[in-house]
Each structure stands twice: as C-alpha cells, then as structure tokens.
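In what follows, residues are counted from 1 in the order of the sequence shown.
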Amino acid sequence: MKKPGKDRSRAAVRVRDKRPRSRPPRRATDAALAQLRSAIEHLNESIALTDDGDRIVLTNERFRENNAVTAQYLEPGCHYEEHLRARIRLGHYPEAIGREEAWLAERRAQRRNPRGPIERRRRDGTWLRVIDQRLPDGGMITYGIDITDLKKAEEALRQSEARFRSLADLSSDWYWEQYMELRFVSTSGRESGRGGITAADHTGRRRWELPGTEIVNQSWAEHQATLAAHKPFRDVLLRRTAADGAVYYVNISGEPMFNAQGAFTGYRGIARDVTERFVAERQARAADERLRATLRDTNEELERRVAERTAALQTAYRELESFSYSVSHDLRSPLGVIASFAGILAKQEAGRISEDGMRLVSVIDENAQRMGRLIDALLELMRMSRRALVFRRLDIAGIAARTCRELQREYPQAHIEIGKLPATQGDEMLVQQVYANLVGNALKFSSKAAAPHVELGAEQADGVPVYFVRDNGAGFDKDHAAKLFKPFERLHSEHEFPGTGIGLALVQLIVQRHGGRIWAESAPGQGSTFSFTLAGGGSG
C-alpha cells in the first residue's frame, strides 16, 4: 500500500510540471531578430544564406556590393547556382572558362560537403576567401572574407625570401644556422670552399670541430661561454688551414634564435673571408711607422702654415675694419658738407635762384642723404659678415609678431596674417633682422595694392621647416630673380619704391651664415613669396 505522503508529493510535482513556462514577449523576440539582421547586414564580411534547396534566403550589404553585376540573381528565392552561372558568363571565374559544367559540379559538391575555404582572385585583382558552412536545417551559409592584404603580404614575403636566397648565394659572405646543439644545419652559397672550408664540411659539426680551424682574437672557452649564455657575438676571427696548406682568415658574427615561447632554438649568422684584408692590414702595420714619421713632419708644416695664414687673416680683418671706418668717416665728411651747403643755399639764396636751380639744390641734398644711407647699409653688411653668431633656441613666432607690430605702424592699412612658425636654433638678433627686411619689403611693395596683404608661415620639406613671407604686391619678373640678393641691385626704381638695395643681400648673408638658403618666387603684378631655411630648423 502506497504512502499518502509520497502520493501528495508526486501530485505536487506533476502540478508544477504542468504550469505554463514563461516565454519572452513577442515584441522582445522581434527586436532581437531585428538587431541580429541589422548586425548581419552591416558585417564587413559578405554573407549569403540559402535554404535546403540552395535557394537564396538572405544576403547582406557587403555580399551585394561584391556581386553587384549579378544583382538580379541575388533576390530571395533565386538559386545560388544562377548567380554562379551569371558570374561565369561575365568571366569572373577564369578557371571555369571552357569547363563550365564541370566547374559548377565541383562547386555544388563543395557546397554539399564543405571541406574548407576556397580562395579566389576576383577580376579587379582583389582576393576573397569563401567558406561554406552547412546549417542544421539543411541550409547553407556562405562567408566571403577579403584577404587581398594577406595575399599581398604573402607575395611580398615570398619575393623577399627569394631575393634573400639569391643574394645570399651570390654574396661573398655566407649565411649559416646552428640548432640547439650548436651543430651546423645549413650554410648558404656555393659548395666550393670559401674561407678554406666547404659547406659540406660544416654540416653536423660544431665550429671548434671544423678541420684546421683556430680562434684568433679570443679563446674557444670564451666563445663557448658566450654561446652557452645565448648572447650575440660580433667579429670573431678564425684562422683556417686548408688541406692544401693555404691559410685563410674568416670573420663571423651570430645572433641567438628563440621560438614564440622564448625558448632558445639555436644560432644564425654570417661569415666573411677577410684573408686579403687581414694580410693588407698586416702589411699596412709594417708601413705604419714610416707613414707616422711623414705625417708628423707634414702636420708640423701644416700647423706652421695655418698659424701664418691665421695671422694674415686677422691682419686683413683688422685692416678691413679700419678701412670700413675710414671710408665711413672720409665719405661722410664731404657728404655732410654737401648736404649742409645745399641746405644753406636753399635758405639764403631762395629769392635769387630760379625754380630749376632750387630743384637742382633739392636733388643735391636728396642724393647726399641717399649716399649716406648707402654707406650705412654697406657698413651694416660688412659688420654682419664679421659678427660672431650666438646660437640659442628661438621663438620664431614671437620674433615675427614683434617685428610685424613695429613695421605695421607705417602701413596701418595692410593686413598681416601670421601662421604657425616652429621654433628653431639661431642668432636672435640676426634672425630678427631677416624678418625685419622681408616683412618690410612685403609691406612696401604691397602698399599700392587695393587691399595690401602679407602672410607669414612655414611648411615642412623633408622634415625641415621652410619659413616664408608672402605678399600681394608689385611682384617681379622671375628671369631677374638672380639680381635680388646682390648689393645695390634693384628691380624697381627708387622713385617708385624707395630703398638702398642692400636689404636682401643682408638677408641672404644672415641665412647663409646659419647654414640655410633663401629663394624667391614671383610674377609681375602677382605678389612675391620669399622662402628660407635655417640649419637649426625644428630643433629646440
């Protein structure tokens, strides 16, 4: 007789089993399916889903892009084979041409019984890896992964290995490998003996077991200790005596090899026959003492000549400096007299001198003053050529901004734009003089434009900043650009644009003393761009 308690327990279990299980709301299920479909649609891999009759159920965006030429065969319900036939007709499967049905049969067999990925090169040169996977309901999902970059990398590696092997075989050096036991497993190059031993002599032997081999610049024990510590070695010199008695000297270098887990697997390296060099060095050492004596005598003679020329150069500099001040004083005095008497004549004799005479007096005064400015400019050019440079880090942006503020007072209508100007190394006073001359010229020659505009900036060329000053002024003929940087050479009349004609010569001198260069680009009426570099560009 069954116990009532147990009956009640089983009944309770049956009751619990009959309770309806909770199911996710239909709305949540639909949302999840929508998210899944959206994810498939936007995958980077191309995907096509077919049913158990190999009819297309679903394709994603990437699949449709890759097969846009056969779009009419990609609609749901179309047989996948129709899509393949269409691509064969378009010539997209070169390997199928002339054997279309056999190729389709192979592809059907692959889809019925997937055995692994298929790699195909498309007509546009890209590569796809196609993977077919059978689904539980009998359908099929086909993935297409773009492996173009992988194929390029494989081809580059293959070519690199081929080049390496070719070069290694042709090189006078040879490549060698040893495994963990430090026995040679391979050497590159010809089988003929190089360094007094053949490739066959190496195989299966350790270095100190090679016939007729001695170590020169260390002991075998030291070399073996390096190998036991799995350290690289460089320029180990071996002496080898060949079977015919010839002596060779071989230089070897090696690096340890490790697997992905970091375990030591052996050594690889190169060897070079340095017999000729070794003999030449020995002969050179024999002649070295003779050469040293000659060099000592030569150096003493050179030092004497350098001392004499240095003294002569210092004397010349002192004479040049004295001449500069003498010229300045001797020219300034008569110029001052001329200008003074011209002024007196204009004031005291104004009533008795004709209008043409007064004009001539004015011309005399103007030219005397102009001569004074030319003397000042020439002396400045000479002073800059002798001034010792003081290099330090320069804030080019700050230098340019200060210079522009000072110069724009004379040209308030001009618009000056200052771009990014990287710091550099140089002499601050001289670099400021460069910007003063270039920006001053730009403002002067653009002053007659409707809207004067001057731009300062820098561009990178081979990792070096190229600074520029650009204007929209009068410009000049590029055929005459060579005259720009010569003292007193002018491309515009002084009446049209006043100046001494020394400013750009001074700029070129400063730039050259900084190890840089300067050039100009322009056309008449289209403005000018002056560009320059400094050897310290980008540092600091």
### Query
Which of these passes side chain to side chain contact (heavy atoms under 4.5 Å, CB included) with N441: D471, L504, V454?
L504
### Task
Under the side chain to side chain contact (heavy atoms under 4.5 Å, CB included) rule, what do R129 and L150 come out as? Steps first, then yes or no, please.
CA-CA 11 Å; R129 176 175 290 159; L150 177 62; 3.8 Å; yes
#### Entry: L227 side chain reached by F233 side chain, heavy atoms, under 4.5 Å
yes
### Message
Taking the side chain as everything from C-beta on, heavy atoms only, tell me whether T403 gets closer than 4.5 Å to L407.
### Response
yes
### Task
Check I418 against C404 and note the closest heavy-atom contact, atom names and distance.
CD1-SG, 4.1 Å
### Query
Hey, which of T241, D273, L238, T213 is the one that makes side chain to side chain contact (heavy atoms under 4.5 Å, CB included) with Y248?
D273
### Query
How about V466 and Q460: do any of their side-chain heavy atoms sit closer than 4.5 Å?
no
### Query
How far apart are the closest heavy atoms of S446 and N472, and which atoms are they?
CB-OD1, 3.6 Å
### Query
Quick check, are the ring centers of Y267 and H230 under 6.0 angstrom apart?
no
### Approximate separation, where rounding is to 0.5 Å, of Q408 CD and R405 CZ
10.5 Å
### Task
Would you mind checking if R305 and E301 are paired as a salt bridge, meaning a charged N to carboxylate O distance below 4.0 Å?
yes
### Task
Output the distance between atom CD (Q425) and atom CD1 (I396), rounded to the nearest 0.5 Å.
10.0 Å
### Summary
To the nearest 0.5 Å, atom OH of Y467 lies from atom OH of Y435 at 6.5 Å
### Query
About how many Å separate CZ of F530 and CG of L456, when rounded to the nearest 0.5 Å?
13.0 Å
### Message
I'd like to know whether I147 forms a side chain to side chain contact (heavy atoms under 4.5 Å, CB included) with L128, so could you lay out the CA-CA distance, the side-chain angles of the two residues, the decisive distance to 0.1 Å, and finally the verdict.
### Response
CA-CA 6 Å; I147 58 170; L128 285 181; 5.9 Å; no
### Greater than 12 external heavy atoms within 6.0 Å of F264's CZ
yes
### Query
Can you find a heavy atom in the side chain of T529 that is under 4.5 Å from one in the side chain of V469?
no
### Query
With no hydrogens and no angle check, is any side-chain donor or acceptor of N299 less than 3.5 Å from a backbone partner on L295?
yes
### Message
I need the single residue from V434, V507, V431 that forms a side chain to side chain contact (heavy atoms under 4.5 Å, CB included) with F532. Which is it?
### Response
V434
### Carboxylate-amine/guanidinium proximity below 4.0 Å for E300 and R304
no
#### Entry: Nearest non-hydrogen partners of V250 and A271, listed with the distance
CG1-CB, 4.1 Å
### Query
Between W519 and R517, is there a cation-pi geometry (under 6.0 Å to ring centre, at most 45° from the normal)?
yes
### Task
Identify the heavy atoms of I510 and H514 that sit nearest to each other, and give their distance.
O-ND1, 2.9 Å
### Message
Could you go through R158 and E155, starting from their C-alpha distance and side-chain angles, then the distance that decides it, and tell me whether this counts as salt bridge (Lys or Arg N to Asp or Glu O under 4.0 Å)?
### Response
CA-CA 5 Å; R158 186 192 65 77; E155 177 61 19; 2.6 Å; yes
### Query
Can K444 and E410 be counted as an ion pair, charged N to O under 4.0 angstrom?
no
#### Entry: Cationic tip of R207 above W176 ring, under 6.0 Å, 45° of axis
yes
## Note on the structure
So OG1 of T226 and NZ of K231: to nearest 0.5 Å the spacing works out to 7.0 Å
### Query
What's the verdict on side chain to side chain contact (heavy atoms under 4.5 Å, CB included) for R183 and Y179, showing C-alpha distance, side-chain angles and the deciding distance?
CA-CA 6 Å; R183 298 182 186 277; Y179 282 170; over 6 Å; no
#### Entry: Salt bridge flag under 4.0 Å for residues E417 and R470
no
### Task
Could you check if a side-chain atom of D427 sits within less than 4.5 angstrom of a side-chain atom of F391, using non-hydrogen atoms only?
no
### Query
Less than 4.5 Å apart, any side-chain heavy atom of S447 and any of P452?
no
### Message
With heavy-atom distances below 4.5 Å as the criterion, would you say the side chains of N217 and V236 are in contact?
### Response
yes
### Task
To the nearest 0.5 angstrom, please state how far the CG atom of D235 sits from the CD atom of Q218.
10.5 Å
#### Entry: Aromatic ring pairing H223/W208, orientation class (parallel under 30°, perpendicular over 60°, tilted between)
perpendicular
### Message
Go through it in stages, so that I can follow the logic: the residues are K151 and E119, the test is salt bridge (Lys or Arg N to Asp or Glu O under 4.0 Å), and I'd like the CA-CA distance, side-chain angles, deciding distance and then a yes or no.
### Response
CA-CA 10 Å; K151 284 292 184 180; E119 294 182 356; 2.6 Å; yes
### Query
Which atom pair, heavy atoms only, marks the closest approach of S522 to G475?
OG-CA, 3.1 Å
### Task
Walk me through it: do V464 and L534 pass the test side chain to side chain contact (heavy atoms under 4.5 Å, CB included)?
CA-CA 9 Å; V464 175; L534 300 170; over 6 Å; no
### Message
Does E276, at its CD atom, have more than 12 non-hydrogen atoms belonging to other residues, nucleotides or ligands within less than 6.0 Å?
### Response
no
#### Entry: For A458 against F468, the heavy-atom pair lying closest together
N-CE2, 3.4 Å
### Query
Does R234 CZ have over 12 foreign heavy atoms under 6.0 Å away?
yes
### Query
With distance as the sole criterion, is a donor-acceptor pair present between the side chains of Y411 and Q413 under 3.5 Å?
no
### Query
Any salt bridge between E65 and R62, counting N to O under 4.0 Å?
yes
### Query
Passes salt bridge (Lys or Arg N to Asp or Glu O under 4.0 Å), E281 versus R277? Steps please.
CA-CA 6 Å; E281 288 176 351; R277 188 187 76 186; 3.6 Å; yes
